[in-house]
Amino acid sequence: MSSSVQTTAVRGRFLDIQSLVTQADQIAQNVRYIEDGVLISQNGKIIWLGTWQDAQPHLADVTEVQHYPNQLIVPGFIDTHIHYPQTEMVGAYGEQLLSWLNTYTFPTELQFKDPAYAKKIAQFFVQELLKNGTTTALVFCTVHPESVDALFEAAATIQMRLIAGKVLMDRHAPEDLCDTAECGYNESKALIEKWHGTGRALYAITPRFAPTSTPEQLEKAGQLKQEYPDVYVHTHLSENKDEIAWVKSLFPEQKGYLDVYHHYGLTGERSVFAHCVHLEDAEWQCMHETDSAIAFCPTSNLFLGSGLFPLKKTWEKQVKVGLGTDIGAGTSFSQLQTLNEAYKVQQLQGDKLSAFESLYHATLGGAKALHLEDKLGNFNVGKEADFVVLNLNATALQQLRQSNVKSLEDGLFALFTMGDDRNISATYVNGHCVYQKPH
Ligand code: GUN
Ligand code: ZN
């Protein structure tokens, strides 16, 4: 075998969701669990998954099998909405969305005009994702193009699949944080040319939200999407009641909040709308018809007092949904913590979120929300080898709880309730171990 071929083999307890589903009750029958399994990847792609017993003939060219006895290996977590420049401002006290933006967020984001600062935070951010088992994210940068370069450069060092974009914002924010319709368009276009499809990087056209863009800017964003149909659109939608009222007053000619984006050609199969807590019926319908996706961000929705997202409706209305941490309105980088809060948000609405459904949203469902289900989300042969090694017994309390579990699902649910970065033993990106928990 030529020396340029890189083969990795990992042994442990493998768990994933084998195929896409259209209803939550189909997930359990699509769970794949291999008690003593082996995953082999070559040049970043999965080439074989099966039992240790069956693996022997496939291991001929493998020099070392990395064994994680008793650890659970799942597909890398997918974060469908996060702001890297807000890493340093998690836990900013006392405000709801609009005053939180003015009080904390805009001053923080102003710092990213300094490329050295952007680089420092971008590197920290990528490490924090890996430490939490997140291998792909859809990321807001700031208005500064340099902030996008800094993030993609940090991700490229480990060939991480990230989707990101420069914020478009030309009103209702500090002058130094605003671009113009024309320059926002030009800068985004240059970034698309530079980054979209470079290695594993993908670009998202990123208007912050309707109130901070003029109609001219949204029009230019739509033009860009037409010119580059396979780039993403990433923005916020229907998060907070005051925000929604503001949008309606700014765009009285549109039927509602989502209709503003729809009008400018910003809905579609690669469009991701963070929050969607208060969607109206016609908006659910539009999300479905345009195959747009929602990023459900429970820690953020609770922290900013935005409201309770009705996850069950995504199944009823057949709208794609992934999980978002929404750092820094969200309070944790951990998808485990995010699932913990997601469960409680459903409880408060009289609904249940099962452990297997949680796993689905954090992995394959998130991949589908990002239109990447052909590349990510489970261990099917041909997919990209991004996965996370989980220790279910990271604390004394967890050990006690896990020693009492009645089933795989019970143990998984306890992990999703109590887990955080302490449970992440190792994170693999593109077939390589890029994070290992210090002993
Ligand atoms: N809406 C517009 N900007 C933001 C932001 O930075 N965070 C959140 N959570 N919502 C927003
Ligand atoms: Zn956000």
Side-chain angles (χ1 to χ4, degrees), residues 17 20 74-84 86 125-126 128-129 132-141 151 155 160-165 167 200-209 231-239 261 266-277 279 287 290-301 306 309-311 313-315 319-339 341-342 345 353 357-378 384 386 388:
I17 312 292
L20 292 163
V74 303
F77 297 136
I78 295 179
D79 189 337
T80 60
H81 179 68
I82 184 164
H83 301 248
Y84 98 80
Q86 297 175 17
F125 171 84
V126 166
E128 204 62 25
L129 290 178
N132 283 281
T134 297
T135 51
T136 283
L138 172 58
V139 189
F140 258 70
C141 301
L151 182 64
M160 183 180 196
R161 190 170 278 294
L162 274 195
I163 314 173
V167 167
R200 296 179 83 196
L202 295 166
Y203 194 82
I205 300 166
T206 309
R208 173 166 225 116
F209 66 156
V231 306
Y232 289 79
V233 173
H234 183 200
T235 188
H236 297 93
L237 171 63
S238 205
E239 176 178 3
Y261 298 131
L266 297 171
T267 48
E269 63 185 16
R270 287 186 179 82
S271 292
V272 180
F273 297 96
H275 306 301
C276 299
V277 173
L279 289 187
M287 291 293 291
T290 59
D291 202 22
S292 301
I294 296 172
F296 167 33
C297 308
T299 75
S300 167
N301 296 159
S306 302
F309 176 73
L311 184 61
K313 263 199 163 165
T314 62
W315 297 111
V319 174
K320 298 182 299 191
V321 63
L323 286 172
T325 58
D326 193 28
I327 291 289
T331 52
S332 173
F333 272 81
S334 171
Q335 290 290 5
L336 303 176
Q337 273 304 295
T338 305
L339 288 171
E341 300 303 291
V345 167
L353 174 57
E357 183 179 347
S358 289
L359 178 66
Y360 181 81
H361 291 308
T363 57
L364 189 58
K368 186 169 163 60
L370 298 184
H371 205 63
L372 289 171
E373 68 273 21
D374 60 330
K375 295 187 173 62
L376 302 175
N378 63 17
E384 296 173 354
D386 293 348
V388 48

Hey, are the side chains of [X] and [Y] touching, using non-hydrogen atoms and a 4.5 Å cut-off?
| X | Y | result |
| --- | --- | --- |
| T135 | V388 | no |
| L370 | L202 | no |
| L151 | V126 | yes |
| R208 | H83 | yes |
| L237 | F209 | no |
| I205 | V231 | yes |
| L129 | M160 | yes |

In Å, rounded to the nearest 0.5 Å, how long is the span from [atom1] of [X] to [atom2] of [Y]?
| X | Y | atom1 | atom2 | value |
| --- | --- | --- | --- | --- |
| L266 | F273 | CG | CZ | 7.0 Å |
| E373 | I78 | CD | CD1 | 10.0 Å |
| K368 | L20 | NZ | CG | 5.5 Å |
| L323 | T299 | CG | OG1 | 10.0 Å |
| L372 | E384 | CG | CD | 8.0 Å |
| N132 | D79 | CG | CG | 9.5 Å |

Under a 3.5 Å distance rule, please check whether [X] uses its side chain to pair with a backbone N or O of [Y] as donor and acceptor.
| X | Y | value |
| --- | --- | --- |
| T235 | P207 | yes |
| S271 | S292 | no |
| T136 | R161 | yes |
| Q335 | G133 | no |

Taking only residues two or more places apart in sequence or in another chain, which ones pass salt bridge (charged side-chain N to carboxylate O under 4.0 Å, His left out) with [X]?
| X | result |
| --- | --- |
| R270 | none |
| E357 | none |
| D326 | none |
| D291 | K320 |

>> Students often mix this up, so state it plainly: with edges at 30° and 60°, are the rings of F140 and H236 parallel, tilted or perpendicular?
In response: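 The rings of F140 and H236 sit tilted, inter-plane angle from 30° to 60°.
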
> Does the side-chain contact (heavy atoms from CB on, under 4.5 Å) test come out yes or no for D386 and K375, once each step is laid out?
Replying inline: CA-CA 10 Å; D386 293 348; K375 295 187 173 62; over 6 Å; no

> Mind checking what makes side chain to side chain contact (heavy atoms under 4.5 Å, CB included) contact with A204, not counting sequence neighbours?
Replying inline: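 For A204 the side chain to side chain contact (heavy atoms under 4.5 Å, CB included) partners, ignoring immediate neighbours, are L138, I163, T206, Y232, H234.
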
Mind listing the closest non-hydrogen atom pair of [X] and [Y] along with its distance?
| X | Y | result |
| --- | --- | --- |
| A369 | T80 | CB-CG2, 4.4 Å |
| L364 | I17 | CD2-O, 3.6 Å |
| M287 | A293 | CE-O, 3.5 Å |
| L339 | S358 | CD2-CB, 3.6 Å |
| C276 | I294 | SG-CG1, 3.7 Å |
| P310 | V277 | CD-O, 4.0 Å |

>> Test side-chain contact (heavy atoms from CB on, under 4.5 Å) on H275 and S300; report intermediate values, then the result.
In response: CA-CA 9 Å; H275 306 301; S300 167; 3.6 Å; yes

> What residues, two or more places apart in sequence or in another chain, satisfy ring pair (Phe, Tyr, Trp, His ring centres under 6.0 Å) together with F125?
Replying inline: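 Scan of F125 (ring pair (Phe, Tyr, Trp, His ring centres under 6.0 Å), adjacent residues dropped) gives Y84, F333.
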
> Given F309 and N301, is the side-chain contact (heavy atoms from CB on, under 4.5 Å) satisfied, shown in steps?
Replying inline: CA-CA 8 Å; F309 176 73; N301 296 159; 4.2 Å; yes

> Are F77 and H361 close enough that their ring centers fall under 6.0 Å?
Replying inline: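 F77 vs H361: aromatic centres not under 6.0 Å.
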
>> Run V272 and H81 through side-chain contact (heavy atoms from CB on, under 4.5 Å) and show every step you take.
In response: CA-CA 8 Å; V272 180; H81 179 68; 5.7 Å; no

